[in-house]
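Naming: A, B, ... by sequence-line order, numbering from 1 per chain. Not measured: the values here are computed from a predicted model.
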Protein chains: 2
Amino acid sequence: MGIAERKLRQKEELRIMILDTAWQMVKQEGWHALSLRKISEAIEYSVPVIYDHFENKEAILLEFSRQGFALLTKKLIHAKEKEENPASQLQAIADAYWNFAFRNKEYYQLMFGLGMPCCDLDKCVPEKGAFRNLVMEPIERMIKANGKKKANACLKYHSFWSVLHGLVSIKMMGSAHAQDTLNKLVLEDAVSGFIKNLEG
Amino acid sequence: MGIAERKLRQKEELRIMILDTAWQMVKQEGWHALSLRKISEAIEYSVPVIYDHFENKEAILLEFSRQGFALLTKKLIHAKEKEENPASQLQAIADAYWNFAFRNKEYYQLMFGLGMPCCDLDKCVPEKGAFRNLVMEPIERMIKANGKKKANACLKYHSFWSVLHGLVSIKMMGSAHAQDTLNKLVLEDAVSGFIKNLEG
DNA sequence: TTACTTTTGCTAACGGTGTTAGGTAAATCC
DNA sequence: GGATTTACCTAACACCGTTAGCAAAAGTAA
């Protein structure tokens, strides 16, 4: 009885069709523009059939998030394998991570819940400048005091902020169960590392 | 002729009423739950009056984003002023930044476009584990090789990932005009700093 | 006070969204 | 061939942001 199998195959095909269509939309117009009605039109089925394949809209986005993590992992493994000693491996992983993010912006945004009503931060929120000055001033003082001519304050400012924002936003996503004590330690460790690097 | 002034005052009052109501909603149910219709009901005015005070819904969120930056800046200035030498200042700023973020989650999410359809990353996406193992392995090797007993691999993993994510997401928000060359440099600088810190 | 003008705020609609209930017609099974 | 399951659709519900157009109130000037 190949009927059941054929049906399963057809169902799987439709599922893939939904995902392909949805992915095209996300790539072209961003994830907020994704709509079940537009998908249903593109696949030439009515809206409720989508619910036979995905519990809801979020489940479709989640599927992409999963795909994104799978792809990222693949890339990182590949990058790591090319190197032998751990320091180079970390460097390679970092590089691959960066490349993945900007070659697959849609994935990355989906994976980490980026992208919002707020447009460019720079243009809309002048207060950002005050923050920048605030952080840059002590950095510049340290650079001067330690006579590190080649150290770029602007660069260090970005680095400093990134560490902070990265820590915060990763903890915020991970939400509840992440141990509080650990996270404060991570902050201290990262910041003291940054400072040491700026001094020595 | 105090009439014009009274009207201005009343208009300002209504504006504040809108913001207060909206903020309450954001705090209670998150920024996605904010709706003009619910605001209008709460302030006991019809929906279109909101448009006399804000260009659209986004403008309301943007206002909060601005408030958030103002508050953050205030906190950081305060933290910085308490310290004298620049290293301590940076430490204090980092600490205040962290505290601000978690004492004002709603602000922070609004300011940096966090929060999305995706629920907990941990539960939904098992691929995260693979990533973790991947990064942690070379870190552990380095810790062993350098005989740094007190270095915590788990902690360092968090730190490493945070640096990466922070750099990426800040660059992604700032979008277009950020110089590419600078950003790659920031990555290199931050990662090499991390590695140096792990070695020495 | 009356007549005119501006402001204010409303109703109602437009075009969207995700989600679900309920029915019909086709496909499958006995 | 008749019964039953499955596939699929229509239509609705309950929302959403946004805008046009109108009525009533408030202010202005004679």
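Against DNA chain D, the stretch residues 42-57 of chain B makes heavy-atom approaches under 4.0 Å through B:Val47, B:Pro48, B:Tyr51, B:Asn56, B:Lys57. Taking every heavy atom of residues 11-28 of chain A and every atom of DNA chain D, no pair lies under 4.0 Å.
Each salt bridge (charged side-chain N to carboxylate O under 4.0 Å, His left out) pair with one or both residues in residues 37-47 of chain B, not counting sequence neighbours, would appear here, but there are none. Applying the salt bridge (charged side-chain N to carboxylate O under 4.0 Å, His left out) test to residues at least two apart or on different chains, none of the pairs has a partner in residues 17-26 of chain A.
In terms of the salt bridge (Lys or Arg N to Asp or Glu O under 4.0 Å) criterion, residue partners of A:Arg141 (sequence neighbours excluded) are, by chain and number, A:Glu137.
Axis deviation across the helix from C:dT1-D:dA30 to C:dC30-D:dG1 amounts to 20°, comparing end segments of five pairs, rounded to 10 degrees.
Between A:Phe102 and A:Trp98, the angle of the ring planes lies from 30° to 60°, which puts this pair in the tilted group.
Salt bridge annotation for B:Arg6-B:Glu13: absent, with no cationic side-chain nitrogen under 4.0 angstrom from a carboxylate oxygen.
Annotation: side chain of A:Ile143 is not in contact with side chain of A:Asn152 (no heavy-atom distance under 4.5 Å). Residues B:His165 and A:Tyr108 form a side-chain contact, since some pair of their non-hydrogen atoms from C-beta on lies under 4.5 Å apart.
If you check every strand for non-hydrogen atoms under 4.0 Å, B:Ile39 touches nothing. Within the 4.0 angstrom heavy-atom criterion, only backbone atoms of the sugar-phosphate kind lie near B:Leu34; the bases stay farther away.
Judged by distance alone, with hydrogens and angles left aside, B:Arg37 brings a side-chain donor or acceptor within reach of the base of D:dG17, the pair sitting under 3.5 Å.
Distance CZ (A:Arg6) to P (D:dT6): 14 Å, rounded to an integer number of Å.
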A:Trp31/A:Phe64 under ring pair (Phe, Tyr, Trp, His ring centres under 6.0 Å): CA gap, chis, key distance, verdict: CA-CA 10 Å; A:Trp31 62 265; A:Phe64 292 137; over 10 Å; no
